[in-house]
Peer 1: 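Sending over a structure as structure tokens; questions will come in a sec.
Note that these values count all heavy atoms, side chains included, but never hydrogens, waters or copies made by symmetry. We count ligands from 1, going down the list as the structure has it; atoms in each ligand are counted the same way.
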Amino acid sequence: MNKDTIRVAFFDAKPYDLTSFAPLEQTTPLRFKFFDTRLTPDTAGLAAGCDAVCVFVNDTVNAEVIDALCRMGIRLIVLRCAGYNNVDLQAAYGRIHVAHVPAYSPNAVAEHAMAMLLTSVRRIHKAYNRTREFNFALKDLVGFNLHGKTVGVIGTGRIGRAFIDICRGFGMKILAYDKFPAEIPDVEYVDTDRLFAESDVISLHCPLTEESRHMIGKDAIEKMKKGVVIVNTSRGGLIDAEALLAGIKSRKVGAACLDVYEEESDIFFEDNSGHILDDDVLARLISMPNVILTSHQGFLTSDALAAIAEATAGNILAYFGDRPIPNELCYRCGNLENCKKKKNEKCF
Ligand code: NAI
């Protein structure tokens, strides 16, 4: 299957994507067709004539899109991100290979989580705005030390562990919950009830699945300490946003640091400043003085973007070079007992 030129339909392309991906055309057979638009059933036809498609977190890769891509003879979808909850892996199985970038820079996301947490607990977002107007008053800027506080980390994979390392450096006590606990120095695994009850800060680093959807909802928030700070750099759907808003209004939740939002797909990554925001829950959250919201930018460092481009190219070149795809995904891989893949093989 070795090809002289590999044409890749690149959906939802942003200027920073061009900076990191276009140079690959000089050193590899990859040739990109960059589209501003997202991949949806309506736009899938743009990929006609291409050999592969490259997508991001908010592209729609459902059964309808997969059918359309297969009809065009496309046999590879590469995600330039880690999360893949937007892909119907079951519909893809046996028909079109899917690969992602599992670990481009766990530190980028973990550092963003800590940046948001520090901004919140030291009120940097307020102080920054004040001093720009020469307002040097300290009123309402009292924060609290992280040293000696308890952080509850949900999901202790690559990003969760990088975040734990940072928290350890801050002298925090670390509790954790994971479906598959590991041995991590200075970390005590507990059930979610104890994590909710004892944590001053709760940071989410597990994937979004049917099981984890709305794991932070009304019941969970009721079990938390008054004044808890909730940090979510993972996926918006982990939190029931209406329950979070209620928790903030009742003063139970002390602050929220959100890099992701359940209904972000039609809002994030775009300049909506000239529009009226239809999402009342999001608008109300943003209006809160103790909510910090960033637009899914945890991954956005030059180091991570370079690693993403390199790993994505590696996945494409492996497939078209008839080699096993390093980061192939299939719905069976998510259920390790049933994954038939042996080391150095494709999933099907
Ligand atoms: P990972 O796969 O290394 O770790 C995930 C951990 O969560 C694993 O230890 C797993 O056992 C655990 N887990 C799975 N289901 C769970 C559940 N129901 N409850 C508790 N733990 C559970 O993933 P990684 O690389 O650490 O990424 C974590 C998440 O971060 C991704 O799923 C993605 O959604 C998000 N992410 C966000 C980015 C951003 O820019 N904000 C960028 C990259 C990833």
Peer 1: Going by the angle between their ring planes, with limits at 30° and 60°, are Tyr331 and Tyr93 parallel, tilted or perpendicular?
Peer 2: perpendicular

Peer 1: Can you tell me how the ring of Phe11 sits relative to the ring of Phe35, calling it parallel under 30°, perpendicular over 60° and tilted otherwise?
Peer 2: tilted

Peer 1: Which pairs would a plain distance check flag for residues 269-276, meaning a side-chain donor or acceptor within less than 3.5 Å of a matching protein atom at least two apart in sequence or in another chain?
Peer 2:
| from | atom 1 | to | atom 2 | distance (Å) |
| --- | --- | --- | --- | --- |
| Asp271 | OD1 | Ser273 | N | 2.9 |
| Asp271 | OD1 | Ser273 | OG | 2.6 |
| Asn272 | ND2 | Ile267 | O | 2.9 |

Peer 1: Against Asp88, only a single residue in Val65, Ile66, Val98 fulfils side chain to side chain contact (heavy atoms under 4.5 Å, CB included); can you say which?
Peer 2: Ile66

Peer 1: Compile the protein residues with any heavy atom at a distance under 4.0 Å from an atom of ligand 1; present them by chain, then by number.
Peer 2: Pro102, Tyr104, Val109, Gly155, Thr156, Gly157, Arg158, Ile159, Tyr177, Asp178, Lys179, Phe180, His205, Cys206, Pro207, Ser212, Met215, Thr233, Ser234, Arg235, Asp259, His296, Gly298, Phe299

Peer 1: Give the minimum heavy-atom separation between Met215 and Ile154, together with the two atoms involved.
Peer 2: SD-CG2, 3.8 Å

Peer 1: Which of parallel (below 30°), tilted (30 to 60°) and perpendicular (above 60°) describes Phe134 and Phe136?
Peer 2: tilted

